[in-house]
Amino acid sequence: MDDKHLSDNDIGRLVRSLELDIPPDMDDRIRMAASGLRPRPVSGRRLFWLLTLPSAAAALVVAALLFLPSRPNPVTQENPVISEIRTDFEIPDKNIRIIFIQRPDFKLFEED
Amino acid sequence: MALADKRREREDAERAAAFWEKLDPSKAKLYNFIRKSLGFSVESDDVYQETVLRAFQYVRTYQEGRSFEAWLFGIAHNEIRKHFRKSSRVPVTIEIERWITADNLPDRILAGEVYRVAENLKPRFREVFFLFYDAEFSIKDISRITGLREGNVKLILNRIRKILKARLGASHGR
């Protein structure tokens with residue numbers, strides 16, 4: 001056999017040339033352990049998941065809706081109000097600083 | 001009620017008998033696959049036992065008409081993964097050549113080299129290697145058993161072939 005060009009058949013043959021026997025008492029041990037077991041029904045499990053999954057998904061959606069922060073309605077939300085505008089002037093040579101503060105007109109009269 | 005219980009018991013007994021009958025021709029192949037995939041670890045027997053018991057318990061998930069062996073090896077694949085997750089990998093040093101039944105000495109040495117290469121593969125790659133070369137599954141079946149894409153199975157096998165070529169070529173001075 002040219003080992004440089006081992007074909008899949010060659011590798012397979014070499015791999016399968018090592019074959020281990022199952023220990024003689026293994027079968028009995030397994031059958032004894034299996035005698036205490038019953039094949040599990042599948043239909044029940046499937047039914048369980050069929051019922052559980054949609055309910056779980058619905059519960060998740062409800063929980064997400066409950067815990068999401070409510071977004072303010074863009075129509076009813078009040079616009080931010082500018083309460084004052086400050087304008088600063090500085091005359092460096094004279095060491096003078098002039099501050100203009102513009103505020104909305106205050107109400108003159110109570111009834112206004 | 002008693003009648004229903006008796007009927008269920010009879011059905012279980014029939015199902016169990018059918019299971020053992022189906023398992024019989026695949027047992028040796030399964031046992032070898034598990035032992036080789038686990039690097040001949042002493043825990044291989046436990047993993048084999050667990051695989052068979054799990055298959056017995058979940059025999060109802062097997063769909064008639066599909067390959068029983070592929071279904072069984074799929075369970076073995078899960079058990080092997082579980083084994084690697086829970087236990088640290090302790091390399092086992094064994095005299096592989098002692099067990100090889102190849103007729104002539106050169107083949108025996110070559111087989112030993114192949115096993116040494118397999119021993120150093122990552123567990124996932126080693127499984128693919130033995131599923132293909134030892135259990136003789138098709139790439140499609142290996143993909144079903146391991147959950148890997150067929151393209152990835154081919155890629156893994158090609159990489160192993162390259163490693164084998166390099167290793168065997170070098171060790172035999174050709």
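Here is how names work: the chains are called A, B, and so on, in the same order as the sequence lines, proteins then strands, and each is numbered from 1.
- The CG atom of B:L131 sits 11.0 Å away from atom OG of B:S143, with the distance rounded to the nearest 0.5 Å.
- Residues B:E127 and B:S37 have side chains that never bring a donor and an acceptor to within less than 3.5 angstrom of each other.
- Heavy-atom pairs under 4.5 Å with chain A peak, among B:W20, B:Y48, B:F129, B:F19, at B:W20.
- A salt bridge links B:K27 with A:D27: the closest approach of a Lys/Arg side-chain nitrogen to an acidic carboxylate oxygen falls below 4.0 angstrom.
- Annotation for A:N95: atom CG does not count as buried by contact number, only 12 or fewer foreign heavy atoms lying within 6.0 Å.
- Proximity to chain A is limited to the side chain of B:E136, based on heavy atoms less than 4.5 angstrom apart.
- To the nearest 0.5 Å, the span separating NZ on B:K36 from CZ on B:F40 amounts to 6.5 Å.
- A 6.0 Å sphere centred on NZ of B:K82 holds more than 12 heavy atoms belonging to other residues, nucleotides or ligands.
- Seen from the ring of B:W71, B:R66 does not count as a face-on cation partner, given the 6.0 Å and 45° thresholds.
- Scanning residues 84-91 of chain A against chain B with a 4.5 Å heavy-atom cutoff picks out nothing at all.
- Proximity to chain A involves both the backbone and the side chain of B:D134, based on heavy atoms less than 4.5 angstrom apart.
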